[in-house]
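Chain letters run A, B, ... following the sequence lines, proteins first and then strands; every chain starts at 1.
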2 protein chains.
Amino acid sequence: MNDLVSSTDLASEADEPKTLAEAAYRQLRRDIIEGVHRPGEKLRVEHLKDQYEVGAGTLREALQLLVTDALVVAQGQRGFRVAPISLDDFEDITRTRVLLETSALQQSIELGDDTWEANVVAAFHMLSRAEEKLVEGAKGTREEWELRNRAFHEVLISACPSRWIRHFQNILYHQSERYRRLSLFRQPIPRDVHAEHQAIVDAALARNSAEATRILSDHILRTLDAVRQLPADFIN
Amino acid sequence: MNDLVSSTDLASEADEPKTLAEAAYRQLRRDIIEGVHRPGEKLRVEHLKDQYEVGAGTLREALQLLVTDALVVAQGQRGFRVAPISLDDFEDITRTRVLLETSALQQSIELGDDTWEANVVAAFHMLSRAEEKLVEGAKGTREEWELRNRAFHEVLISACPSRWIRHFQNILYHQSERYRRLSLFRQPIPRDVHAEHQAIVDAALARNSAEATRILSDHILRTLDAVRQLPADFIN
DNA sequence: ATAATCAAAAATCTCGAGAAAAACTGTTGA
DNA sequence: TCAACAGTTTTTCTCGAGATTTTTGATTAT
């Protein structure tokens with residue numbers, strides 16, 4: 001077998017980019033999330049079109065796509081700008097994520113079949129391996145851990161039939177990833193998330209909805225504290 | 001006084017369009033919601049650019065903006081298409097709306113001040129007047145009722161501090177409006193929503209969170225039944 | 001020194017034409 | 001009758017240049 005999960009998202013993005021605009025969109029998104037373009041920074045089309053090797057109109061489209069994800073804000077006739085960050089915003093993102101993700105998990109636990117269980121176990125295994133490599137300190141493992149962490153959370157709620165909840169959760173995950181990168185840069189050794197993930201998996205497979213959502217809730221909210229402890233100038 | 005509420009949305013759209021692309025975007029959005037462009041219909045740039053009197057690139061941008069609202073879907077290199085509709089989708093939209101809107105109302109009731117109460121009462125009054133005109137059967141009142149109904153629901157949750165919840169709720173409201181128009185076309189005399197709205201207002205002002213969210217929940221879910229009773233070919 | 005005014009410069013927004021891809025149609029062969 | 005193929009037509013995607021708006025900088029007056 002090749003891939004157990006099949007992502008049928010509202011805005012599918014699993015496959016590779018089929019247009020120049022989308023390619024530029026993804027590069028830009030990565031650069032924004034990784035902090036290459038700082039929050040609040042002005043995004044001048046004239047400069048960026050050379051940097052990303054596309055025409056002005058094409059880059060414009062890419063920027064427009066990023067507005068969808070709320071990673072870029074368009075201000076009337078005054079061009080584009082990287083979405084600013086703030087502690088309040090992150091708190092908002094986190095709490096909204098809790099609301100959506102717990103609801104999705106609850107439905108997943110209720111409706112998930114054997115394949116879902118298998119996917120959860122598999123994703124957890126992948127994540128655990130990435131965590132091991134992370135403490136070993138090899139390079140490039142941060143990227144892999146991020147990917148697998150995201151996959152794990154996605155698989156957890158994959159049995160939730162609501163495409164809209166998954167869509168919104170997707171957007172919020174990208175948003176929070178931006179903040180998490182900031183905190184991880186400062187505090188490169190993550191807290192013991194393994195046990196938390198394990199507990200979520202156990203509760204989920206035991207079909208203990210209340211317990212699973214409670215742990216997931218705490219798990220997500222804990223990232224709030226990590227960002228709260230950042231020096232103020234990190235949040236602009 | 002002119003306007004009590006001040007909408008500080010994530011993607012503000014209260015003011016008038018400042019660019020041709022945004023103007024085209026709003027016209028297109030209205031036409032899609034009102035059913036001028038049917039669900040699933042292909043949106044050819046070449047035809048539409050004449051109809052909306054803008055350049056090809058500009059219309060392209062407008063379409064891209066509509067993808068944000070999920071009213072238009074972009075398919076790789078095969079152009080744009082009006083987002084299809086289905087009963088499953090509407091059920092999803094409605095249930096997600098309930099999740100978000102009840103949470104927002106709960107926070108609103110918890111945090112709303114006197115001004116919020118005044119806004120709620122005012123919006124309810126405006127809506128009630130529109131309902132009276134609606135049963136009288138004057139023309140153009142449908143449009144006004146829609147606007148005031150939307151304003152009422154918006155004001156109810158306006159004291160919720162979460163910009164993200166309000167943002168998502170906004171998107172979902174546009175979506176459900178499409179479906180509601182279909183059902184209202186068939187069934188032009190709306191059910192007795194006045195009593196429901198009254199009950200919500202009473203519970204909200206009494207700061208009875210549990211009661212208010214329960215009524216709001218039923219209120220939103222009731223629209224589901226209305227659409228369910230439509231003949232199958234209305235939902236494609 | 002501060003504020004207001006006006007001109008120059010930079011950036012954005014808009015448009016139409018050319019290149020690339022997809023859809024269509026008619027023909028040929030099994 | 002059906003399937004496969006190739007040429008034609010349509011549509012989308014991309015690009016650079018011109019028009020419009022915003023921003024910047026210098027000058028002048030209070």
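- Between A:Phe168 and A:Trp164, the two ring planes are tilted [angle within 30° to 60°].
- Taken to the nearest 0.5 Å, the CD1 atom of A:Ile171 stands 9.5 Å off from the CG atom of A:Leu71.
- Although no hydrogens or angles enter the test, the distance criterion places a donor-acceptor pair under 3.5 Å between the side chain of A:Gln175 and the main chain of A:Ala70.
- In this structure, OG on A:Ser162 lies 6.5 Å from CD on A:Gln107, to the nearest 0.5 angstrom.
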Close N or O pairs between protein and nucleotides 13-19 of chain D (under 3.5 Å):
residue	atom	partner	partner atom	Å
D:dC13	OP1	B:Gly76	O	2.9
D:dC13	OP2	B:Arg60	NH1	2.7
D:dC13	OP2	B:Arg60	NH2	2.6
D:dC13	O5'	B:Arg60	NH2	3.0
D:dT14	OP1	A:Thr19	OG1	2.9
D:dT14	OP1	A:Leu20	N	2.5
D:dT14	OP2	A:Thr19	OG1	2.9
D:dC15	OP2	A:Gly55	N	2.8
D:dC15	OP2	A:Thr58	OG1	3.1

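- Atom CZ in A:Arg44 sits about 12 Å away from atom P in D:dT23, given to the nearest Å.
- Using a 4.0 Å cut-off, some side-chain N or O of A:His47 falls inside it from OP1 or OP2 of C:dA11.
- Taking the charged nitrogens against the carboxylate oxygens, A:Arg150 and A:Glu143 have no contact shorter than 4.0 Å, which rules out a salt bridge.
- Separating the OH atom of B:Tyr52 from the P atom of C:dT14 is a distance of 17 Å, rounded to the nearest angstrom.
- Taking 4.5 Å as the limit, every side-chain heavy atom of A:Glu154 sits out of range of all side-chain heavy atoms of A:Arg166.
- Using a 4.0 Å heavy-atom criterion, one finds that A:Leu43 contacts the sugar-phosphate atoms exclusively.
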